[in-house]
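Report on the structure given below.
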Amino acid sequence: MKKLYILLLCMVLILTSCSQQSPIDSSKAFVEQWKNGKYDDMYELLSESSKGKISKEDFTSRYNKIFSAIGLKDMEQTFGEEMIEKDTAYIPVDVTFHTNTISSFKQSYTIPLVKEKSGWKIDWSTKLIFPSLEDDEGVYIEEVRPKRGSILDRYQNAMALDGEAYTVGAVPGSIPDKEEFAKNLGSIIEVTPDYILKQLSQKWVKYDTFVPLKSYPINISDEFKNQILAVKGVKLSSKHIITRQYPYEDAAAHITGYVQKANKEDIEKHPERGYDENSLIGRSGIERSMNDILSGKKGYTIYIKDKDKKKKSDIAKLDVEHGDNVVLSIDGELQTLSSKLLDGQKGTIVVLQPVTGEVLTMASNPSYDPNPFPLGISSSQWEALSNNEDKPFVNRAISAYTPGSTLKPFIAAMGLTEGVITPHTIVEEAKNTTWRPSDEWGDRAIHRTPHPDGPVNLRNAIVWSDNIYFAWTALNLGGPNIEKYAKLYSFGVDVPFPLQVAPSQIKKGASPWIEPLVADTGYGQGEVLISPLQLASMYTVFSNNGSMVWPKLVNKTTDSEENIKSSFGRNMARNNMIDGKTNEILLAALIDTVEDPSGTAHGIKMPNIKLAAKTGTAQINEEKDKEIAWIVAFTVDQTENPLLVCIALEVPANQGAIKIDIAKKIFETYYNR
């Protein structure tokens with residue numbers, strides 16, 4: 001009986017021993033719960049003596065506070081060989097922390113364990129938070145915000161930069177009547193009186209404390225400034241906040257875009273960026289497309305303070321990365337001029353250096369001032385902009401328009417390449433002012449603009465912009481041929497550009513090539529759509545011996561010391577898009593369009609600059625009372641400093657002549673400054 005009792009006792013001891021975790025198992029469980037943020041479960045793995053030193057509430061609060069602050073995402077651990085001495089054990093472990101602040105850093109721990117009745121338990125101390133941390137010390141994290149890089153023009157003039165703003169505020173002791181003050185100021189700066197009173201009554205506010213209430217860009221009008229200062233007790237300071245400034249205001253808004261403070265969605269969607277409610281994020285333009293380059297990355301230091309609150313040592317550090325500057329190809333002076341020339345107009349001016357593709361100007365009107373956005377645009381300002389029927393947020397330079405007659409040189413290139421026409425082909429049908437190619441047209445007809453008598457050959461058809469000639473050419477080419485060449489000429493291709501360019505099309509995808517559509521396409525009507533920026537790029541073929549260059553807006557990026565980080569060269573769209581002979585024929589005709597007194601672009605002729613050009617008029621509604629007035633003009637004798645100007649204006653019918661004056665002014669200013 002005694003032997004049986006001993007045997008059973010041994011079996012119980014063996015089973016009990018087997019059911020208890022080993023030191024390494026307990027250590028792995030402790031680190032696993034840590035990794036998963038289950039600090040309550042971690043606490044349950046502590047020894048009884050450890051629990052006597054720290055409460056569960058304090059334990060979980062401390063871990064949660066520290067590892068939430070550093071943005072713990074994941075942990076990787078490597079355990080070493082366990083060391084066991086009777087009822088104590090030591091487990092070495094290397095832990096790599098992956099966080100949203102300091103990307104990754106490594107710490108080496110030794111986990112002490114004691115054997116209790118319930119198994120191996122963690123003999124906890126603050127060294128199991130960080131190895132160099134003592135009981136009476138604290139862990140802190142310091143954040144260093146990066147400076148946002150500037151957006152510069154080609155001559156290093158700032159188009160977007162960090163600078164001072166006005167802060168509207170008050171010193172409580174200077175306010176005669178707080179209720180009256182809040183009521184009067186609130187209606188001006190568009191905040192509630194309750195908000196103002198709440199700000200003035202915060203615990204930290206004293207009799208002589210400046211209390212900020214709302215900030216405004218430094219370019220606010222004198223009228224608005226005086227309206228604010230008329231409220232008794234108000235103060236206006238430029239020393240309390242740095243924000244984003246846009247010196248060119250509405251002249252370059254569609255290029256620079258604007259920034260706004262991060263919202264909840266931004267913060268949750270991009271934890272790796274370390275956004276908070278004070279982070280500025282690009283919402284449009286270059287600010288948006290190059291936001292990551294401009295914004296830089298925050299720096300962080302995780303460190304220990306001793307019992308006297310003095311810094312003891314760093315645990316991990318990530319240096320701040322200030323944002324890089326983005327240097328554009330834009331000529332700020334020319335951009336300002338173009339914006340002024342568009343005053344009172346609805347449209348766009350694109351100016352290229354046609355050999356390099358550099359965009360010197362990309363003006364769009366109506367426009368808006370981006371300066372209020374970084375500080376929080378008022379509801380009345382936002383409503384006025386978003387409900388404006390002229391759509392000031394739309395960048396017309398990269399929006400799709402019907403090109404009208406500006407497409408004709410490229411239809412001619414297709415016809416010459418296919419042998420449908422030669423320079424000497426005369427279209428007899430163009431002797432008439434109207435033409436119906438077949439009975440399929442019914443009452444419809446193709447109309448040509450008045451021009452002198454004479455044979456309508458290719459040269460005259462371009463100089464006079466004869467619709468019938470190009471409708472005839474298109475019909476002889478056929479829709480499929482036009483579509484084939486249009487793809488070669490960049491239609492339907494995504495334009496590689498830092499701002500999203502509206503897609504171009506030669507026709508809608510599902511549309512059949514019926515005869516009227518083919519004919520209309522021949523003179524740039526029908527379903528043809530293209531942005532002024534892309535059309536300007538197509539015209540670079542005449543400055544590059546038949547090769548097309550894509551537009552380039554960004555020249556380089558530089559760091560805060562102006563060291564080049566990256567640079568961008570010429571981006572060829574298609575080499576030999578048009579063969580050399582065809583290019584010569586068309587270029588000669590485009591020159592004559594300016595030189596010949598009967599040419600549609602003769603008004604742009606200048607005494608000291610030789611130009612080639614093509615005008616166009618595109619009807620944009622059935623009533624035919626609105627149209628797009630086009631001109632694309634470029635130099636042919638400026639080998640060192642060539643220029644190409646593309647203008648598209650939304651005007652009432654027959655009111656587009658101003659395009660000539662605008663283009664002329666740009667060339668005059670550019671070459672005479």
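Computed from a predicted structure; not experimentally measured. We use all heavy atoms of the structure for the numbers below, so side chains are in, but hydrogens, waters and symmetry mates are not.
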Charged N-O contact under 4.0 Å between Asp162 and Lys147: no

Shortest non-hydrogen contact between Gln534 and Ala502, atoms and distance: OE1-O, 4.5 Å

Sub-6.0 Å ring centroid separation between Tyr246 and Phe373: no

Donor-acceptor contact present, side-chain Ser27 to main-chain Pro23, <3.5 Å: yes

Worked verdict on Phe130 versus Phe67 for ring-ring contact (aromatic ring centres under 6.0 Å, His included): CA-CA 11 Å; Phe130 290 116; Phe67 290 99; 5.6 Å; yes

Asn395 side, atom CG; His254 side, atom NE2 - distance, nearest 0.5 Å: 5.5 Å

NZ on Lys178 to CG on Leu185, rounded to 0.5 Å: 14.0 Å

His98 side chain to Ser104 side chain, donor-acceptor N/O pair below 3.5 angstrom: yes

Heavy-atom pair of closest approach, residues Gly233 and Phe181: C-CE1, 3.7 Å

Those residues that, when tested against Ala253, pass side chain to side chain contact (heavy atoms under 4.5 Å, CB included) (two or more places apart): Ser367, Tyr368, Pro370

Residues which pass ring pair (Phe, Tyr, Trp, His ring centres under 6.0 Å) with Tyr43, listed by chain and number, not counting sequence neighbours: Phe59

Lys235, NZ atom: more than 12 neighbouring heavy atoms under 6.0 Å: no

From CG (Leu553) to CD1 (Ile398), nearest 0.5 Å: 9.5 Å

By ring pair (Phe, Tyr, Trp, His ring centres under 6.0 Å) - contacts of Tyr275 (at least two apart): none

OG on Ser22 to CD1 on Ile91, rounded to 0.5 Å: 7.5 Å

Full working for salt bridge (Lys or Arg N to Asp or Glu O under 4.0 Å) between Lys38 and Glu44: CA-CA 10 Å; Lys38 295 181 177 180; Glu44 297 307 321; over 6 Å; no

Expected list for residues 105-113: side-chain donor-acceptor pairs under 3.5 angstrom, two or more places apart:
{"residue": "Ser108", "atom": "OG", "partner": "Asp94", "partner atom": "OD1", "Å": "2.7"}
{"residue": "Tyr109", "atom": "OH", "partner": "Ile129", "partner atom": "O", "Å": "2.7"}

Rounded distance (nearest 0.5 Å) linking atom NZ of Lys214 with atom CD1 of Ile228: 9.5 Å

Pair Lys115-Asp123, salt bridge (Lys or Arg N to Asp or Glu O under 4.0 Å): steps then yes or no: CA-CA 10 Å; Lys115 190 174 184 181; Asp123 187 16; over 6 Å; no

Nearest heavy atoms of Ile70 and Ile302, plus distance in Å: CG2-CD1, 3.5 Å

Lys/Arg-Asp/Glu bridge criterion (N-O < 4.0 Å) met for Glu321, Lys298: no

Distance (rounded to the nearest 0.5 Å) between Arg570 CZ and Thr356 OG1: 8.0 Å

Donor-acceptor pair between Lys391 and Asn388 side chains, under 3.5 angstrom: no

Basic-acidic side-chain contact under 4.0 Å: Lys127, Asp135: no

SB check Lys307 Glu134 (cutoff 4.0 Å): no

Donor-acceptor pair, side chain of Ser150 and main chain of Leu161, under 3.5 angstrom: no

Pair Lys310-Lys305, side chain to side chain contact (heavy atoms under 4.5 Å, CB included): steps then yes or no: CA-CA 5 Å; Lys310 294 181 179 178; Lys305 281 186 180 181; over 6 Å; no

Donor on one side chain, acceptor on other, Asn371 and Asp369, under 3.5 Å: yes

Check: Ile196 main-chain N/O paired with Gln199 side-chain donor or acceptor under 3.5 Å: no

Side-chain donor-acceptor contact under 3.5 Å, Ser339 with Thr336: no

Audit row: Lys311, Ile304, side chain to side chain contact (heavy atoms under 4.5 Å, CB included) steps and yes/no: CA-CA 6 Å; Lys311 187 173 181 180; Ile304 294 172; over 6 Å; no

Which atom of Pro374 lies closest to which atom of Thr243, heavy atoms considered: CB-OG1, 3.4 Å

Derivation and outcome, salt bridge (Lys or Arg N to Asp or Glu O under 4.0 Å), residues Asp324 and Lys565: CA-CA 8 Å; Asp324 289 336; Lys565 297 289 288 295; 3.0 Å; yes

Ionic contact status for Lys121 with Glu116, cut-off 4.0 Å: no

Step-by-step side chain to side chain contact (heavy atoms under 4.5 Å, CB included) determination, Val144 to Tyr300: CA-CA 6 Å; Val144 182; Tyr300 296 93; over 6 Å; no

Verdict with reasoning, Lys35 to Glu76, per salt bridge (Lys or Arg N to Asp or Glu O under 4.0 Å): CA-CA 8 Å; Lys35 178 179 180 178; Glu76 293 178 45; over 6 Å; no

Shortest non-hydrogen separation from Thr167 to Phe210 and the atoms involved: O-CZ, 3.9 Å

Ring centre gap for Tyr63 and Trp34 strictly below 6.0 Å: yes

Heavy atoms from other residues, nucleotides or ligands near NZ of Lys225 exceed 12 (cutoff 6.0 Å): yes

Nearest heavy atoms of Val554 and Pro498, plus distance in Å: CG2-CG, 4.1 Å

Polar contact flag, side-chain donor to acceptor under 3.5 angstrom, Ser61-Asp58: no

Side-chain donor/acceptor of Arg288 to backbone N/O of Gly282, under 3.5 Å: no

Donor on one side chain, acceptor on other, Thr60 and Asn64, under 3.5 Å: no

Polar contact flag, side-chain donor to acceptor under 3.5 angstrom, Glu190-Ser380: yes

Residues that Phe224 engages under ring pair (Phe, Tyr, Trp, His ring centres under 6.0 Å), provided they are two or more places apart: Tyr216

Between Asn325 and Arg148, a side-chain donor and acceptor under 3.5 Å: no

Ring-ring centroid check Phe497 Phe568, cutoff 6.0 Å: no

In a table with atom names and distances, give each donor-acceptor pair under 3.5 Å that connects a side chain of residues 264-271 to protein atoms at least two apart or in another chain.
{"residue": "Asp266", "atom": "OD1", "partner": "Arg283", "partner atom": "NH1", "Å": "3.4"}
{"residue": "Asp266", "atom": "OD2", "partner": "Asn263", "partner atom": "N", "Å": "2.9"}
{"residue": "Asp266", "atom": "OD2", "partner": "Arg283", "partner atom": "NH1", "Å": "3.3"}
{"residue": "Asp266", "atom": "OD2", "partner": "Arg283", "partner atom": "NH2", "Å": "2.6"}
{"residue": "His270", "atom": "ND1", "partner": "Glu272", "partner atom": "OE2", "Å": "3.4"}

Worked check of side chain to side chain contact (heavy atoms under 4.5 Å, CB included) between Asn571 and Val549: CA-CA 6 Å; Asn571 186 4; Val549 181; 5.7 Å; no

